[in-house]
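Inspection log for the structure reproduced underneath, given as structure tokens.
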Amino acid sequence: MKRDEARRLQALERSGILDTPPEPDYDDIVRLAAESCGTPIALISLVDRHRQWFKANVGLHGVSETERVISFCTHAIEREGVFLVEDAIADERFSTSPLVQSDPFIRFYAGVPIQTEDGFPIGTLCVIDRRPRGLSESQRRCLFALKRQLELMLRARAQVRQLKARNTELEQAQERMRSLNAFLQAEMRERQRIERQLLDQQELLTSVLTHIPHSVFWKDRHSVYQGCNPQFARDMGMSSPLEVIGRTDIEMHVTSTRAEAYRRDDREVMESGVPKLAYEEPIDRPSGEMSWVLTSKVPLKDLDGTVKGLVGIYADISERRRQEASLQEAKALIERHAAHLEEQVREAHERTLHLMEHSREAVFVLDAAGSVLEVNPVAERLLGLSREQLLGTSFEALAPEDERAPLRQALKDLRVRGTVRLEDQGLRSANGERVALGIAASIQVSGTARRLLIVGDDLTEKRRLEQQSIQNDRLVAMGALAAGIAHEINNPTSYVLSNLTYLQEWRDELERELAVLPGLPPRLGETLSEVKDVISESLSGGQRIRDIVRDMRFFSHTAGEELAPVDIHSCLDVVLRMAHNELKHTARVERHYADALPPVSASEGRLSQVFLNLIINAAQAMPSGGPERHVLRVLTAVEGDRVRIDISDTGHGIPPEVLPRIFEPFFTTKPAGAGTGLGLSISQSIIQKMGGEMGVRSEPGRGTTFSLLLPVCGDRS
């Protein structure tokens, strides 16, 4: 931005008029301008950074501002005199402007710049007409006179604002003066209060020094006593603290060796300025008996921080030292016994940890409140949470919301009875799934600590294996049944289809022969047309039966085709091209292929059959006519020694109550005749015969994802 433009915008901001409510004085000026110039429109326009805003407006109802880039006023503020456009259509600067080509259809414009007191143009006083015209000299003078009047109003407005600001400053200064006076008065009251407190504290200190059971003294820089409490005077064999003042340690009948040691400690404290706290030293009593005291010395400083002496205090610990000597012997005995107990506890703890680490059940150790203190790896794996995440967590909070009440009651019973069992207690895993456990709990006591031991047997895996066994038995039985049905139906279906094809060809030939004969009865033509539809429908039904028989024969087939390395991406691309017509009006396809995907050990034909079945199912789950709203997403990835393929749609999803049954043979949610219910069962059987796994997750209203896991070449077990 140019420097002058920046200063002009600052001047506009200082004017304080931008975005203010309408005012009658300014409205009068635009009315006078419109009347004197004979125009239907007059404006006071302020030119901001990206817009022009109208302070006063006559003739443009409901318009408060326009964009600056299309405004006439932007040109007007760059001139000293009148900016005149007699015919905007003929002026190449404005002929294509939306203000000219559309409402308000400006053809004539005359504007004079409005300047601030320091000479910056902040807007215009302008008149506008919807027809081309000119401006007389008297109209020019009138426009200039109104412009000057407007500038005087703006300057008066600025002066009023300045006066208000000065008044505000004066009021604030007066308020600060009142606050200062109040502060000084409060300070005086506080000082008086502190003086009273100091007197009270002095009296309290005197009382404390008199009655404290410890000895207190204070010295100057030369280790000369300046005062003490009565207890110290008695220790030194003096009748009053006054007798101590002015003496040194030597003059207090202290041996030279002791006096030098005291003097050395004094110099250390006063020269370093650091207190010497809680150290033991001997003193000689006037009776000649030696006692042990616990001494502390603190530097005594002036207001400027200069050390002027020290304060000392000591307490007689002779009796305590005698007791400590006795206690040391007892302590040594206790420590030896404690070490033995600790070794036993450590060994027991190691045995417990070993059992937890190698247990096949999930183990939780809780404190008395029910928070987790320790877990074993099985518990971490089942819940999908690390040991660090579980420690400190309330065991009750690990259960789903609707199962917490019985678990809470069971923990209460455990604290009373000592043992409790729960046949089917659910815990919530990290991904929100329910993990079913058979729980046996007991109280473990270690010293005064009570621990709750929770051992959980994983029921989820057992039930999954049971269901898998049931499903396998069902598939075996269904396969045997399918083999018998397919064998019995295949031959009749073949000759029915052959005969229907013969009838269709014979009917077509008959229709051609009859077409050349004159006088063919209309009823005969209608009958032939009906016969054509009947035969066509019969053929379609027969072919449908043949397809069902083919699927049933595969479903009963136990020997797999020969497995070979298969490029998953190439196989998917071929299937997506086959399904293009089914998908193009339904969803857009997104491929998220992993880099350097290894080949899998599979039958390419059977794998293509599975992919095509899943993709067609996904397309049918999404409403047609919405490729911009729906997505078929195909994702590949490497997971250890297996390849993962996800086929996802954004369709209606599968209801939770239906999801467990979708792999059952002949189970379908499609209308009668729209599906056999064998597609997913066959697909799962194909994947399992290739050594892989097939799973599904779905959310109603959000879509479904089928996941395939296939072993890479050389890793199939």
Side-chain angles (χ1 to χ4, degrees), residues 431 433 464 467-468 471-472 475 551 554-555 557 560-579 582-583 587 589-622 631-651 653-654 658-665 667 677-699 702-717:
N431 58 12
E433 295 180 355
R464 188 190 70 80
Q467 291 298 322
Q468 184 65 44
Q471 177 73 355
N472 290 340
L475 288 175
D551 288 344
F554 171 78
F555 186 70
H557 186 56
E561 295 185 0
E562 183 178 353
L563 304 183
V566 175
D567 184 340
I568 291 294
H569 291 166
S570 298
C571 186
L572 284 169
D573 290 340
V574 170
V575 172
L576 287 170
R577 286 195 295 272
M578 293 173 60
E582 188 77 20
L583 290 169
V589 177
E590 291 185 1
R591 295 175 173 89
H592 300 278
Y593 288 172
D595 295 333
L597 194 72
V600 301
S601 179
S603 165
E604 186 168 7
R606 290 306 190 187
L607 195 56
S608 298
Q609 177 185 350
V610 172
F611 289 158
L612 185 60
N613 181 49
L614 295 179
I615 290 171
I616 294 301
N617 283 353
Q620 292 173 353
M622 296 180 284
V631 177
L632 176 76
R633 185 174 292 105
V634 181
L635 178 145
T636 63
V638 178
E639 292 188 358
D641 59 354
R642 297 194 292 184
V643 169
R644 181 187 185 93
I645 306 101
D646 285 352
I647 298 176
S648 306
D649 63 67
T650 56
I654 303 172
V658 172
L659 198 61
R661 301 190 60 196
I662 62 172
F663 293 115
E664 294 181 8
F667 177 79
L678 287 173
L680 289 177
S681 296
I682 291 173
S683 296
Q684 187 185 50
S685 179
I686 290 171
I687 296 301
Q688 289 176 345
K689 288 175 182 178
M690 296 178 186
E693 298 178 18
M694 182 173 180
V696 61
R697 59 184 184 275
S698 183
E699 185 176 350
R702 299 291 295 274
T704 302
T705 296
F706 281 89
S707 298
L708 311 180
L709 288 171
L710 293 170
V712 301
C713 284
D715 291 308
R716 185 170 181 263
S717 56

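Just so you know, these numbers come straight off a predicted model, no measurement behind them.
Remark: Ser707 engages Arg644, Asp646, Arg697, Thr705 in a side chain to side chain contact (heavy atoms under 4.5 Å, CB included) (not counting sequence neighbours). By the side-chain hydrogen bond (donor to acceptor under 3.5 Å, both in side chains) test, Asp595 is found to be paired with no residue, residues two or more places apart in sequence or in another chain being considered. Arg633 meets the side chain to side chain contact (heavy atoms under 4.5 Å, CB included) test with Glu590, His592, Val631, Ser648; sequence neighbours excluded.
Annotation: side chain of Arg591 is not in contact with side chain of Leu572 (no heavy-atom distance under 4.5 Å). Taking the side chain as every heavy atom from C-beta outward, Arg577 and Val574 approach each other to under 4.5 Å. In this structure, the side chains of Leu597 and Asp567 stay at 4.5 Å or more apart for every pair of heavy atoms. Side-chain contact between Tyr593 and Ile568: absent, with no pair of heavy atoms (C-beta onward) separated by less than 4.5 Å. Considering only heavy atoms from C-beta on, Leu614 comes within 4.5 Å of Leu680 through its side chain.
The two residues Pro565 and Pro599 come nearest to each other via the heavy atoms CB-CB, 4.2 Å. Across all non-hydrogen atoms, the minimal contact from Leu709 to Ile687 is O-CG2, 4.5 Å. Contact detail for Val566 and Ala602: the closest heavy-atom pair is CG2-O, 3.5 Å.
Here CD of Glu604 is found 13.5 Å from CZ of Arg606. Values are rounded to the nearest 0.5 Å. Put simply, CG on Leu607 and CD on Gln609 are 10.0 Å apart, with the number rounded to the nearest 0.5 Å. The CD atom of Glu693 lies 10.0 Å from the CD atom of Gln684; values are rounded to the nearest 0.5 Å.
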Worksheet item: Would Val634 and Phe611 satisfy side chain to side chain contact (heavy atoms under 4.5 Å, CB included), going step by step from the backbone distance to the final call?
Response: CA-CA 10 Å; Val634 181; Phe611 289 158; over 6 Å; no
Fill in: Worked check of side chain to side chain contact (heavy atoms under 4.5 Å, CB included) between Thr704 and Asn617
CA-CA 10 Å; Thr704 302; Asn617 283 353; over 6 Å; no
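Listed for the Ser698 side chain is a donor-acceptor partner under 3.5 Å among the backbone atoms of Gly703.
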